[in-house]
Amino acid sequence: MPELPEVETTRRGIEKHLRGKTVSDVVVRQRQLRWPIPKSLARHLKTQTINAVERRGKYLLVQFDRGTLMIHLGMSGSLRVLGKAVPAEKHDHFDLVLNSDKCLRLRDPRRFGAILWADNWRQHDLIKDLGPEPLGNDFNADYLYAKSRKRKVAVKNFIMNSHIVVGVGNIYASEALFRAGVRPTRLAGKISKLEATTLVEVSKTVLQEAIKQGGTTLRDFTASDGKPGYFKQQLAVYGREGEPCLHCKAIIKQITIGRRASYYCPKCQI
DNA sequence: AAAGACACCTGGGAGC
DNA sequence: TGCTCCCAGGTGTCTT
């Protein structure tokens, strides 16, 4: 479900309810997510106070004095802050119960998400080798161009690779390549310096615009307050196969790259 | 080292 | 109605 804008929207939504609160209980209804929820969690979290809710790539980081609760939403995860008396439904696998009248609840039908504990999150195996944040200064034209040299993978797969840059998923990869005028099938190693420059620029703006709109709701994404994201209305190519290009009226095509649907304008994207 | 296939899991929609 | 098949916002792991 969520790419970086949806995760960031979630982070902003839950942080104000969590910061400064103390954990009174941990409820696990289904331990088997992508990895089992660690049994040590209650011991780490009970009576501990939440200092901040941060984000690295698509990982949400709930910060405590002695470590970090890492949350990944996978394909179908969502977090809500609810009254602690609200009954759990079928796919509500995990609650972080607070000393207010609230709890943070993870719903994740497909269970590709994860709830993990890290004593030192920067050194965690899933995080330590990640690429730069797309909105940060480390993600720039020099970096992307250098990294892409001699790479024989489709540029779409390349920018979706979290070891190159984090947070760009299937929707925003298609959108960024459309804005850059670059066909998703082009080999990463054949992208020009100018194209790399443009691609970095438009990736940043499309992600920023999506965050501003509260993310993209395709079917079931809702922010932590239950509201959908409104960026779907701004999508220029994703999900628009057979429809006219917004720039040139050519028919948007859909192809499969690396087993994922990709969309592009055959006229605007070279 | 890099690329590609496969794995995990459930639900919704299309087609018959 | 109900069955089967395909697809879905992610990404680690294994094999070439």
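The basis for the numbers below is simple: all heavy atoms, side chains too, and nothing from hydrogens, waters or symmetry mates. Lettering follows sequence order; numbering is per chain, from 1.
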Within the structure shown, what part of the strands sits under 4.0 Å from [X] by heavy-atom distance: base, sugar-phosphate, or nothing?
| X | answer |
| --- | --- |
| A:L126 | sugar-phosphate |
| A:K90 | sugar-phosphate |
| A:Y59 | sugar-phosphate |
| A:R111 | sugar-phosphate |

So, A:W117 versus A:D119: side-chain donor-acceptor pair below 3.5 Å or not?
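A pair is found: one side chain offers a donor N or O, the other an acceptor, under 3.5 Å apart.
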Closer than 4.0 Å, any side-chain N/O of [X] to the OP1 or OP2 of [N]?
| X | N | value |
| --- | --- | --- |
| A:R259 | B:dC6 | yes |
| A:K150 | B:dA2 | no |
| A:H91 | B:dG11 | yes |

Charged N-O contact under 4.0 Å between A:R55 and A:E133
yes
Any Lys/Arg nitrogen of A:E209 or A:R179 sitting under 4.0 Å from an Asp/Glu carboxylate oxygen of the other?
yes
Taking the side chain of [X] as its heavy atoms from C-beta onward, which of [options] lies nearest to it?
| X | options | answer |
| --- | --- | --- |
| A:F112 | B:dC8, C:dA8, B:dA3 | B:dC8 |
| A:R151 | C:dG12, C:dG9, B:dA2 | B:dA2 |
| A:H72 | C:dG10, C:dA8, B:dG11 | C:dG10 |
| A:V153 | B:dT10, B:dA3, C:dG10 | B:dA3 |

Separation of atom CG in A:L73 from atom P in B:dC9, rounded to whole Å
19 Å
In whole angstrom, give the distance that lies between atom CD1 of A:I37 and atom P of B:dC9.
14 Å
Is the positively charged end of A:R240 above the ring of A:Y238, judged by distance under 6.0 angstrom from the centroid and angle within 45° of the axis?
no
